[in-house]
Amino acid sequence: LGADTQTTDPTRVLRFPNTINQKNQVRATVDIWNNIEYELSTLYSYCTPVEKIKKSRRKKKREVVTLPPAKGLVDLYSLNTKKKDDLELLVTLRSGQMVGYRNTCLYTYCFTIALIVKEQKSTIVFARQLNEKFNEPLLIKEVQETAKSAHKDASTFFKAFSDNKYTMYGLARDLIKPEKASTIIRKLDISSEERQQMRFLIDDVIRQNRNTELVREKRREAGVKSRTEYEANERAKTQSKVDLLHEAIETNPTASIRKLAEITGFSKSVVQRLKSQL
DNA sequence: GTGGAACGTACTGCACTGGC
DNA sequence: GCCAGTGCAGTACGTTCCAC
C-alpha cells in the first residue's frame, strides 16, 4: 500500500491513505475499503501472532517477544479467508444469479465471516454487502436474521474450538462446524468450471492437479531436468556409443561381438544391443 | 565360439496417496 | 501445504541360457 516495507517496528507498520512516504516519495493507497468501524480491543483480538512486550530493567530498551499462534487457529483463519473469497467470487461468476441458493450461500458466508471478524455487527455488514450483489436480494430483515443465526453458531463453535486447544478432533458431534468444501460444493451446485477458479472450494481432482503442478515446479527450481530432457540425454549418450561401435566395425569388419566388446570397452550385451541400432 | 533372446536389476522422473 | 513412501514407465546394463 506504499508503506515502508523495511519497517519492523509494530507502531510504524500502518501508514494512512494518501500520505506520502518521505523516504521513497510513494503515496499510500487503499486496495480494500468498507465502512465497518472497529473497537481497538476488537482489532487486537484479530491479531495473530499475539505480541507480548517484555519489560527490560533498563528504561530505554523494551524487547518485543512474538509468541507463535496455535497452528489450528492459523489454519482456521487461512481456510476461512479463502472460503470467504470463493463465496464472493461465486456470486460474481454467476453475475448475482443466486436464486435458490441465496439463503444457503448467505448462511455459509456469514458463518465464515463471523469466524474471521468475530463481531455480530460486522457480520451483518458483510452479509448485507453480499446480499446487494444478488440480482434479487433478500429482505434486509431476512439477511439480518441469517447473519445473527450464523454468528451465534460460529461463536458457539469457536468457543468449543478454543476450549479444545484449536483442534477439530474430539468436538461434540451435534456442534455446528464449518462446512467442508465438498458440502458447500454440493449445496451450492458449484460447477467444475467454477471450481477451477476457486482456492478453497475445489474437489480432490483439482487439488491433486494443483499439487502435481506445484511439485513439478519445485523439481525444476531444484535443477531436476524434465523427463523429456533426461530421456534425450540418455539417447544422446547411446548414440555416441553407437558411433564409436560403428567406427570399430569399419576398422575391424570381421570382428565378432565379443572381439568388438574388447575393442570398444563395452560389455558383450551392450555391443549386441548397439549393433542392432546400426 | 558365436549371435541372440530372456530375465532381473538399477537409475531416473513422475504421479499419486496418506499422514501430520 | 508439506513430506515420505509407493508404484509405474522409460532407458540401460549384466548375466544366463540356448541354438547353431
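Below, chains carry the letters A, B, ... as their sequence lines are ordered, and counting in each starts from 1.
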Practice problem: Output yes when A:Asp163 and A:Lys159 qualify as a salt bridge under the 4.0 Å nitrogen-oxygen rule, no when they do not. | Solution: yes

Practice problem: List in chain and number order the residues that pass salt bridge (Lys or Arg N to Asp or Glu O under 4.0 Å) with A:Arg94, two or more places apart in sequence or in another chain; answer none if no residue qualifies. | Solution: A:Glu194

Quiz item: How close or far is atom P of C:dG1 from atom NZ of A:Lys82, stated in whole angstroms?
Solution: 4 Å

Exercise. On DNA chain C, check which nucleotide each of A:Val270 and A:Arg258 is closest to and give me the residue with the more 5' one.
Key: A:Val270

Quiz prompt | d(CG, A:Leu274; C1', C:dC13) in whole Å | solution = 11 Å

Practice problem: Check the angle between the aromatic planes of A:Phe157 and A:Phe161 and answer parallel, tilted or perpendicular using the 30° and 60° thresholds. | Solution: parallel

Quiz item: For the side chain of A:Ile257, counting heavy atoms from C-beta on, which of C:dC13, C:dG1, B:dG3 is nearest?
Solution: B:dG3

